[in-house]
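In this text the structure is predicted, and so the values were computed from the model without any measurement.
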Amino acid sequence: MLFLYLEPSEWEKAAYARCFSLKLISRCFGLFCCSHDVVRGLMESQEEATEEGINYVAMRNLFVREAKEALDVKVVKKSRSTHIRESVERMEFSRTMDEWTEFRKKMNPDSLTHPPEFVIKPRGQTVWEGKTVKLHCTVAGWPKPRIAWYKNNVLIDAKAHPEKYTVESNYNMHSLEIKNCDFLDTAQYHASALNVKGEASCVATIVIKSMLVTSLSSNSYGFCPEHGVTFRTSIIDKFEVAFGREGETLSLGCTVIIYPTVKKYQPEVIWYRDCKYYPSKWVHTHWSGERATLTLVHLNKEDEGMYTLRVNTKSGFDTYSAYVFVRDADVEVEGVPVAPLDVWCHDANKDYVVVTWKQPAVEGSSPILGYYIDRCEVGTHHWAQCNDTPVKYTRFPVTGLVEGRSYIFRVTALNKFGVSRPSRVSEAVVAMDPSDRARLPGPSAPWTGMIKFTEEDSTDSVVPGEPSDVVVTEATKSYVVLAWKPPVQRGHEGVMYYIEKCISGTDTWQRVNTGMPVKSPRFALFDLAEDKSYSFRVRCCNSAGVGEPSVSTGDITVGDKLDLPSAPGSPVATRNTDTSVVVSWAASKEVRHLVGYYIECSIVGTDVWMPCNNKPVKQTRFVCHGLTTEANYVFRVKAVNAAGYSQSSPDSDAVVVKAAISVPGKPTGVTLVEAVKDYMILAWTEAANNGGADVRGYFVDYRTVKGGIVGKWHEMNHKALTTTSYKAENLKENVFYQFQVRAMNMAGVSKASLPSAPLLCKEWTLTVPGAPVGLHVLEVRDNSVVVLWEPPVFDGRTPVNGYYLDLKVASSGEAGWKAVHEKANKMKYMKVAGLKGGTSYVFRVRAQNLVGVGKTSAVLGPIQAQTRPGTKEIYVDVDDDGIISMIFECSEMTGDSEFVWSKNYKAITDTSRLTIVNEKGKSRAIFNNPSLEDLGTFSCVVTNTDGISSSYTLTEEGLKRLLDISHEHKFPVIPFKNEMAIELLEKGRVRLWTQVEKWTADCQVDYVFNDVIVSAGQKYSMKFDKSTGIIEMFMDSLEVTDEGTFTFNLVDGKAKGTTSLVLIGDEFRELQKKSEFERAEWIRKQGPHFVEYLGFAVTQECDVLLKCKVRQVIYYKNLVGVGASQMMKKDGDMTFNIGKISKSDAGIYEVYLKDDRGKDSSTFNMTDAGYQAVMNELFRVIANSSSEIKVLSTEHGIVLYSMVTHYNEDLRVGWLHKDAKIAASERVKSGVTGEQLWLKINEPTEKDKGKYTIDIFDGKDGVKRFFDLTGKDRARVVGGLPDVVAIQEGKSLNLTGNVWGEPVPEVSWSKNDKELLPDDHIKLKFEHGKFASITIAAVTTADSGKYALLVKNKFGTEAGEFTVSVYNPEDEEKEEEKKD
């Protein structure tokens, strides 16, 4: 017998000790016994458990490797007596613990209560339809929680639906079983646990997979007994075929209307791609209650496909689908391939995984040479390349993985131009044994104990047996993959494997993995010789040794086993829409493991092939979207499998991209316009959709109506009608009839229109006209539309003389009708302006004759006021020959479309006025002889389009402007930027020049003087710079014979231009003189010369300088040489410093310059006017250097002064008081001391207050400085301080002085002429700007001395002085005694 028990690990023992100290016991140990066979069955059942969580198993294995003491399986030999003794001890321990627990419950019954907690949460699952799903969870909590299950937040009533749901709860293990699953069971299921301490919940998602070929098609709606209604679904605002680019974000959305509305009921909204449900982190869905939205973040080619929105209700479902195309991102290097796609991981083991992917649609400028596979461990950002050489197959075994770690993979493609961008990364995969994946924890918590086998038999390790079923699963010229089954005999520990190979024809076996045995029953062999044959076998090993080899695989030849697919059959392209074509083809006949097909297109004549799909499709029919309307395309197809691309199929026949022709839509608005005794005249409105071809005619049917009973329909006309009206004859008077109309084009006859109301065949006696017919619109724009109509068939008693047009917003009621105009419009058209963009309108027209206004026409519309994208207007052009034409372009023309021109919306019959020329989507209406007869509105309509039209109104003013432009084009004039001008150059040369504004390379110039063409020679030189348009003519000098008129005549094709310059009389002579002077100057400058002639400057220091730019100079004054000590030379600048100038410096200064090449001189006259100019500049510098006026207080009064840099005795200075000149007196004086200009005011009074001005002459007007003495006063001590203070030693002294002054003075104290600072002994205060006090506490003889109160502001300073004498009475008595 075997005895099994669970022994807690070390960490569990510690946990139990903590729980015991808290009086909480959460685990007890059981004891049971069974036979060896039962134990083996238990182990096998554990291995065959459902799939275990990947993260849990990986972490468990890692935990086992790194911490074997945490959980281990050991076999321990024990005697029966020892085992019984240990069992009794455990039972005694368990009983003690139970007693203690019961005691604690009695003492504190709430100590063990706690809220619910999910120990094991239900896991989401994905299953096929018809299967049964069971959700499990384990909940802890005290008191025992109650469990409830919800589907999409709706409580599941298992008792009400026992055929669908089963709910069980046993020993805190709870389950929900869903039977016979169908698509509607796809939902989020919540488990909610509740007790008195709280509530907890968790969620699991169940996805039911189904074959959507049938289930995604719309079905009929059934009655819902639960809500007592039949739900109906409408999907509006649908998303169209969408195009995105890799890396972008794309959103798709639809508005969903569920009727009737039931409170708190919401439909189930699910999105599919290619008929499959793909939850992904790259896909975000949202349901607002009205709008369903799917957002594709960071698009990749994997996201391309047919997207389907399915809306499930309890009455059925509805769907809508559209295709999403994802274009490749721009390549970084021209010619490299684009990124591969669909990277997936398969057959993952402990150290091995197979990575697959799909080839991209575009190989680049050269074929793909192979692929590189990169891997990255989850949680890191380091990518490692898995293969050193590129692989051709789109399948590669990656080895060398670390068990228990998760990896992601990506792939890049390589051609001779470089490497592509990497693909989207794969889903993460864990390197682990597949048996561990299948080993899932049961409903109970994961066990963490030690299993001990107590038996007398030996448990030594056993050498494993041989593996079985060794096969080659993949063989290419790059690698071979082996797979096998583990041995049956492998002992109690895991096994690893050695792989051996043998070259065919030899008996030598060579071990492949000598360094390390592999853990997985898979192995990839590389570096095998291509086209050689090998056989392979496998050995198992463990700690007991290496087992026997398996049976060999037999000879395997290394080479590609998968051939390229054969080329698909010839594609057939058929028209679909204006931007799409349906392409179908025959499947490849020889192909294995087909991945799909790529379709390419090319515009005829370009030989540039573009991919139509970037993700391979497996069906043999595909709709290629995003094509250019009216372009001529050919298509080809190629197949792909893991080996690569097939040859391209033959090209399809060329097809023009335009909508396929279909039967027209139904006519509308069948009305009666006139009735007589035996006939009635009918009218109707043509269908909005003509099916892509012109409507060729109409057929009218009729039936009788008697007493509300209708008869059978009969044909009225056997030949198609070409108008939208018909005279129904041979009718019976006073009989009611109904009519319906069908339209016909080349594709067939449309469905019948709605029957008209019963119409009575009886002669009308009306005198007003009937209703206008044939209403239609042209030139629909955001704010305007042109409405046209035909006159009524019945005019009434008098002819129609006008029309009224009404409109209203389509959504408004009958009260919304309003007239567009007040006066009757005699035309059969009207342009309605002032519309609101995006708003839909309806229109109707009434005819008028002399009797009155007739019935309204049938309502036209709704018409949305919106300009079509790409709409172009008619524009007027005047070509180089002066021909005036109107041009209209259209990019949406079909093969049957035509341009139809009209004037005032009537067909143009007089071809003598206009010539129409059409070419490649452009129509030109040429005016043969423009005149006032051509005034009016010209319009152009493109047939077989969605109402493309435009108009142009030619007014009299516009015609005149066009005729002027035409004349300019017929007789063009070369424009000049400027007329001919003249300028003098160096050496006295003369330049005549002009610049043209427009010219060509053929432009020619004739140079004319006095009507005679001159040419280049000794006297003249010419130049025409055609890069700038500048025309020049040069003369070295002007002579008397050059007086006259110069002209440039230009000819450029048929354009001409002329510009002239008249050079005669005084103007000529003045220019000649300047020319001679410039030439003389040039000659002078060939030798030594002055760059700048002699001049002067005054420095800020008031020094006068004479300056010039010279070489080899000698300065002279009155022909007397000046010493070199006063000359300075720097960089050719010569400076002579006169210094502080005086009248003695007046005179004539000359400078001579000479060398071997010549001489030059310059003179400066510093006498009279020259001297005065120097002095004025000196006065300017002095005046501007003056400072602002300042005030200085003296014992006699105040002094106002300003400082200057220098003072000259000739400088005029004046003082003003209140803008009046101050007269000198004994009390008020002005003067100069050094550089100080002052005004002294002795004993100032109140009258002396006011604005003072000093006026300093600066050579012109003078510089003035101002100072305001108004309301100001200098600082003073006005009282409060004695002259002498005698105080006894030890007493405190406190004196206060009264201070006056504006602004408030600054106050300080001094003792014996030294500043006195406050401290603990002496306190100084200044309060209210008036009272300054000093306090000396406990005076001593040291405090005796001469004190002063000093006050100061900007107007003056004053000191109040006093003497302090400290005496000691005892000392005085002693002195008196000595005297006695």
TODO: Identify, with sequence neighbours excluded, every residue that meets side chain to side chain contact (heavy atoms under 4.5 Å, CB included) alongside A193.
DONE: P116, F118, V139, P145, I147
- [ ] Step through the shown structure and confirm whether more than 12 heavy atoms of other residues, nucleotides or ligands are within 6.0 Å of CD on E1289.
- [x] yes
Task: S1162 side chain to L1094 backbone, donor-acceptor under 3.5 Å - done: yes
- [ ] Ignoring hydrogens and angles, tell me if any N or O in the side chain of S1344 forms a donor-acceptor pair with the backbone of V1366 under 3.5 Å.
- [x] yes
Open item on the list: Counting the benzene-type ring for Trp, do F1096 and F1164 have ring centres under 6.0 Å apart?
Closed with: yes
- [ ] Indicate yes or no for a side-chain donor-acceptor contact from N1312 to the backbone of G1345 under 3.5 Å, with no hydrogens or angles considered.
- [x] no
Task: Chi angles and distances behind the side-chain hydrogen bond (donor to acceptor under 3.5 Å, both in side chains) call for E199, S192 - done: CA-CA 7 Å; E199 182 181 11; S192 177; 2.7 Å; yes
TODO: List in chain and number order the residues that pass side chain to side chain contact (heavy atoms under 4.5 Å, CB included) with K1229, two or more places apart in sequence or in another chain; answer none if no residue qualifies.
DONE: E1226, W1238
TODO: Specify the closest pair of heavy atoms between P1305 and V1299, including all atoms of both residues, with the distance to one decimal.
DONE: CG-CG1, 3.8 Å
Task: Any pair counted as ring-ring contact (aromatic ring centres under 6.0 Å, His included), so long as it reaches residues 1325-1351, sequence neighbours left out - done: Y1347-F1362
Open item on the list: Would you say that V1104 contacts D1145 through its side chain, given a criterion of any heavy-atom pair below 4.5 Å between the two side chains?
Closed with: no
Under 3.5 Å, side-chain donor or acceptor atoms of residues 377-384 against the rest of the protein: list the pairs with distances, not counting sequence neighbours.
from, atom 1, to, atom 2, distance (Å)
E377, OE1, R405, NH1, 3.4
T380, OG1, E377, O, 2.7

TODO: May I ask you to test the F1136-L1105 pair for a side-chain heavy-atom distance under 4.5 Å?
DONE: no
TODO: Might you point out which heavy atoms bring C1102 and V1098 nearest each other, and give the distance in Å?
DONE: CA-CG1, 4.0 Å
- [ ] State, to 0.1 Å, how close L1324 and L1317 come at their nearest heavy-atom pair, and which atoms those are.
- [x] CD1-C, 4.3 Å
Open item on the list: Is there a side-chain contact between H284 and V297 in this structure, where contact means two heavy atoms from C-beta onward sitting under 4.5 Å apart?
Closed with: yes
Task: Inter-residue atom distance K1109.NZ - T1135.OG1, 0.5 Å rounding - done: 11.0 Å
Open item on the list: So, using side chain to side chain contact (heavy atoms under 4.5 Å, CB included) as the criterion, who are the partners of Q1172 when residues are at least two apart?
Closed with: M1175, N1176
- [ ] Compare all side-chain heavy atoms of L1293 with those of V1364 and state whether any distance is below 4.5 angstrom.
- [x] yes
Open item on the list: Does any part of the side chain of M1166, heavy atoms only, come nearer than 4.5 Å to the side chain of V1174, both counted from C-beta?
Closed with: yes
TODO: Salt-bridge test for K1107 and D1133: reply yes if a basic N is under 4.0 Å from a carboxylate O, no otherwise.
DONE: no
Task: Pair L1216-D1255, side chain to side chain contact (heavy atoms under 4.5 Å, CB included): steps then yes or no - done: CA-CA 8 Å; L1216 295 90; D1255 187 1; 4.1 Å; yes
Open item on the list: I'd like to know whether CD of Q1100 has more than 12 heavy-atom contacts from other residues, nucleotides or ligands below 6.0 angstrom.
Closed with: no
Task: By salt bridge (Lys or Arg N to Asp or Glu O under 4.0 Å) - contacts of D374 (at least two apart) - done: R410
TODO: Supply the atom-to-atom distance D1343 CG to S1365 OG, rounded to the nearest 0.5 angstrom.
DONE: 11.5 Å
TODO: Answer whether the closest heavy-atom distance between the side chains of Y407 and V402 falls below 4.5 Å.
DONE: yes
Open item on the list: Between Q1236 and M1203, is the side chain to side chain contact (heavy atoms under 4.5 Å, CB included) condition met? List the steps.
Closed with: CA-CA 5 Å; Q1236 186 184 68; M1203 302 299 296; 3.6 Å; yes
Task: Exceeds 12 heavy-atom contacts within 6.0 angstrom, atom NZ of K121 - done: no
Open item on the list: Minimum heavy-atom separation for A1146 and T1167, please, with both atom names.
Closed with: C-CG2, 4.4 Å
TODO: Measure the SG-CE distance between C1108 and M1134 for me, rounded to the nearest 0.5 Å.
DONE: 7.0 Å
Open item on the list: With no hydrogens and no angle check, just 3.5 Å: does a side-chain donor-acceptor pair link E1150 and S1161?
Closed with: no
Task: side-chain hydrogen bond (donor to acceptor under 3.5 Å, both in side chains) partners for S1187, two or more places apart - done: none
Open item on the list: Taking the side chain as everything from C-beta on, heavy atoms only, tell me whether L1316 gets closer than 4.5 Å to I1322.
Closed with: yes
Task: side-chain hydrogen bond (donor to acceptor under 3.5 Å, both in side chains) involving S1186 - partner list, sequence neighbours excluded - done: R1265
TODO: Output, in order, the C-alpha distance, side-chain angles, deciding distance and verdict of ring-ring contact (aromatic ring centres under 6.0 Å, His included) for F1257 and F1179.
DONE: CA-CA 6 Å; F1257 179 67; F1179 295 155; 5.7 Å; yes
TODO: Rounded to the nearest 0.5 Å, what's the gap from OG1 on T1099 to CG on N1137? Could you check?
DONE: 7.0 Å
Task: With D1160 via side-chain hydrogen bond (donor to acceptor under 3.5 Å, both in side chains) - residues at least two apart - done: R1084
- [ ] Kindly indicate, with the supporting measurements, whether the criterion side chain to side chain contact (heavy atoms under 4.5 Å, CB included) is fulfilled by Y1252 and L1239.
- [x] CA-CA 10 Å; Y1252 284 83; L1239 174 68; 3.8 Å; yes
TODO: Measure the shortest side-chain to side-chain distance between F1267 and K1251 over non-hydrogen atoms and say whether it is less than 4.5 angstrom.
DONE: no
TODO: Could you tell me which residues satisfy salt bridge (Lys or Arg N to Asp or Glu O under 4.0 Å) with E1361, sequence neighbours excluded, listed by chain and number?
DONE: K1346
Task: Shortest non-hydrogen contact from L1281 toward G1360 - done: CD1-O, 3.9 Å
Open item on the list: Nearest 0.5 angstrom please: K1218 NZ to D1268 CG, how far?
Closed with: 10.0 Å
Task: Nearest-0.5 Å distance, CZ of residue R1180 to CD1 of residue I1256 - done: 13.5 Å
- [ ] Give the minimum heavy-atom separation between A1359 and V1277, together with the two atoms involved.
- [x] C-CG2, 4.5 Å
Listing, residues 1205-1214 side-chain donor-acceptor contacts under 3.5 Å, not counting sequence neighbours, or none:
from, atom 1, to, atom 2, distance (Å)
T1205, OG1, S1185, OG, 3.2
N1208, OD1, D1210, N, 2.8

Task: Partner set under side-chain hydrogen bond (donor to acceptor under 3.5 Å, both in side chains) for K1140, not counting sequence neighbours - done: D1103
TODO: Decide yes or no on side chain to side chain contact (heavy atoms under 4.5 Å, CB included) for V1204 and L1237, but give the supporting numbers first.
DONE: CA-CA 8 Å; V1204 295; L1237 311 179; 3.9 Å; yes
TODO: Using a cut-off of 6.0 Å, state whether more than 12 heavy atoms not belonging to D1313 lie near its atom CG.
DONE: no
Open item on the list: Between N195 (side chain only) and G198 (backbone N and O only), is there a donor and an acceptor less than 3.5 Å apart?
Closed with: yes
